[in-house]
There are 2 protein chains.
Amino acid sequence: MPKKSTSHPSPQDIKVAVDNCIFTVSDGELRILLIQMKKKPYTGMWALPGGLVQMRESLDTAAARILEEETGVRGVYLEQLYTFGDPKRDTLGRVVSVAYVALIPSSGIKLRTIDKYADVRWWPFRQLPKLAYDHNSIAAYAKRRLQWKLEYTNVAWSLLPPKFTLTELQEVYEVILGRKIDKRNFRKKILGLKLIHAIGEKTTSGAYRPAMLYRFWSKHPAIIKIL
Amino acid sequence: MPKKSTSHPSPQDIKVAVDNCIFTVSDGELRILLIQMKKKPYTGMWALPGGLVQMRESLDTAAARILEEETGVRGVYLEQLYTFGDPKRDTLGRVVSVAYVALIPSSGIKLRTIDKYADVRWWPFRQLPKLAYDHNSIAAYAKRRLQWKLEYTNVAWSLLPPKFTLTELQEVYEVILGRKIDKRNFRKKILGLKLIHAIGEKTTSGAYRPAMLYRFWSKHPAIIKIL
DNA sequence: CCAAAAGTGTTAACGCTACACCCATGT
DNA sequence: ACATGGGTGTAGCGTTAACACTTTTGG
């Protein structure tokens, strides 16, 4: 950017990072994955898992790589959220962070502990601690986007295992949107959209009356008014 | 990012740029502002106006600065769109581009010619040339976002002068959404939303029957189902 | 008086919301 | 038999979509 009237533009030296907001729903709570930092200025603080983008990888690839390093998960829903670039968001130097949202099913995820971090845990979104950097803002923004996506697209399926009951699906909506939904209206609406179909089976393990299991026809993203 | 099994992560050296998709509606067409490049590898090609982020400015500030440098416009609608980071999007080196969308009213904009570029022009969106970098993709994405925003928020007011007729407003919708809208339903809907109000005046200049002029109550962004 | 754009209501279809009871199973 | 979650239908209301003629002005 030559010829500005303002003070000399110093040569650009900016790092580009990716930070992931990894959501799941379990035990009736929206949860987000946080790591506890070891590194110097934020030791002991919790933060979103992230890292610098490598020279030869795209942003999407970087997000997927970091997601896999932290959780061992691959092939899940992963979408760019927003890019945060306040000059003072990192005290050590200028870092622009491209935030991503990942959605993973609650069932059977082994968190991979990695010695880069002191700890890795699922935190109930309602009770987040104070996070490093501007990560509280990023997480808040991610939740708003998730709420929107849930109402207007079919992403909900990314939060469920391949086979699920309608009650489980409804719980995902209720937990994330933060309100009760009428059971009959919900089922009518969802089944009317023809995005899922009952497979013959029923739940076996549970107590009381078994529930029908459903599967979704396609995981391809679609924009459809749901609620 | 220590301990990767893959080849040594080379030290990060990435430039961060901002590119603006500046839209307006005039003469019944959606138009976008393009600049013609002088610089070495893309000489003569058209591209989105953009530039490198300075060390001490935020991304939003950079976008606003570049917008003003190119057009002289200030205080218009400006929103971050998406960040494009394919490693090969710029042949000269690794550049991550944060794209912004700006909306400006068609009336009375003097394009400031700047000797950094060979030319600056409004292009009808329907007939874009092949652009430098990945700017065709960026522009296409920006248009999709604009279409969505028009239907679900009050951004349309950013494309109109302070006083406007309902026909002008409807034209903005028709041009951007690419479909005809029923005049009576449109007026009923828009007036019912209570976002605009008739001021006493009528159009003077035009031939034929004068139209009522309207003004919007507030330009604050709002999310409201419009169409 | 003619051309051109401005302005104005009604009806039918559809979608959304609210609401309460019986069913299948395990203990 | 009972406790627990699974499963089902209808009626009222509001919103949307389709549709055509009269009014005002300039030439």
Side-chain angles (χ1 to χ4, degrees), chain A residues 25-28 106 148 150-154 160-161 163-175 177-215 222-227, chain B residues 25-28 148 150-154 160-161 163-175 177-215 223-227:
Chain A
V25 173
S26 65
D27 303 317
S106 54
W148 185 87
L150 209 59
E151 294 203 84
Y152 291 96
T153 76
N154 61 351
L160 291 164
K163 301 174 184 178
F164 55 89
T165 67
L166 289 181
T167 302
E168 289 169 336
L169 178 59
Q170 183 171 345
E171 197 199 30
V172 166
Y173 275 87
E174 289 182 338
V175 163
L177 298 179
R179 58 182 160 94
K180 281 285 171 196
I181 300 171
D182 181 87
K183 203 202 308 186
R184 280 170 291 189
N185 292 338
F186 181 79
R187 292 157 110 91
K188 212 186 317 166
K189 196 72 202 300
I190 294 292
L191 294 174
L193 293 172
K194 304 277 179 168
L195 293 172
I196 64 176
H197 63 105
I199 74 184
E201 313 167 45
K202 303 195 172 203
T203 47
T204 57
S205 58
Y208 315 122
R209 177 175 178 174
M212 301 266 284
L213 285 170
Y214 290 79
R215 199 192 293 277
I223 299 193
I224 298 165
K225 171 78 173 135
I226 303 216
L227 300 181
Chain B
V25 173
S26 66
D27 304 316
W148 185 85
L150 209 59
E151 293 204 85
Y152 291 95
T153 77
N154 62 350
L160 291 164
K163 301 174 185 179
F164 54 90
T165 68
L166 288 182
T167 302
E168 288 169 336
L169 179 57
Q170 183 172 346
E171 197 199 29
V172 166
Y173 275 87
E174 289 181 338
V175 163
L177 298 180
R179 58 183 160 92
K180 282 284 171 197
I181 300 171
D182 180 86
K183 203 203 308 187
R184 281 170 290 188
N185 292 339
F186 181 79
R187 291 157 110 92
K188 212 186 316 165
K189 195 72 202 298
I190 293 293
L191 294 174
L193 292 172
K194 305 278 178 166
L195 294 172
I196 65 175
H197 63 106
I199 74 185
E201 312 168 45
K202 304 196 172 200
T203 47
T204 58
S205 57
Y208 316 122
R209 177 173 178 175
M212 301 267 284
L213 285 169
Y214 289 80
R215 198 193 293 277
I223 299 193
I224 298 165
K225 170 78 173 137
I226 302 215
L227 301 181

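Protein chains get the first letters and strands the later ones, always in sequence-line order, with residue 1 at the start of each.
- Shown here for B:F164 and B:R215, the closest heavy-atom pair between the two residues is CE2-CA, 4.2 Å.
- If you measure from atom CD1 of A:I181 to atom C1' of C:dC16, you get 14 Å, rounded to the nearest angstrom.
- Mapping B:L213 and A:L227 onto DNA chain C by nearest heavy atom places B:L213 at the nucleotide closer to the 5' end.
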N/O donor-acceptor pairs under 3.5 Å from side chains in residues 189-200 of chain A, not counting sequence neighbours:
unit_1: A:K189; atom_1: NZ; unit_2: A:I226; atom_2: O; d: 2.8

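- Residues A:I181 and A:Q170 come closest through the heavy atom pair O-NE2, 2.8 Å.
- For A:I223, the CD1 atom is loosely surrounded, since the number of other residues' heavy atoms within 6.0 Å does not exceed 12.
- For A:K189 and C:dC16, the shortest distance from a side-chain N or O to OP1 or OP2 is below 4.0 Å.
- Smallest separation of non-hydrogen atoms from B:Y173 and B:T153: OH-O, 4.3 Å.
- With B:E168 as the partner, the side chain to side chain contact (heavy atoms under 4.5 Å, CB included) test is satisfied by one option alone out of B:L160, B:T203, B:V25: B:L160.
- Using a 4.0 Å heavy-atom criterion, one finds that A:T165 contacts no nucleic acid atom at all.
- The shortest non-hydrogen separation linking B:L169 to B:F186 is CG-CZ, 3.8 Å.
- Distance, B:Y214 OH to C:dA6 P: 12 Å, rounded to whole Å.
- If you walk DNA chain D from 5' to 3' and mark each nucleotide with an atom closer than 4.0 Å to a heavy atom of chain A, the marks span D:dT4 to D:dT10.
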Task: Contact state string [nucleotides 19-27 of chain C, B base, S sugar-phosphate only, - no protein heavy atom under 4.0 Å] - done: BB--BBBS-
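- Considering all non-hydrogen atoms of both residues, B:K202 and B:P210 come closest at CB-CB, 4.0 Å.
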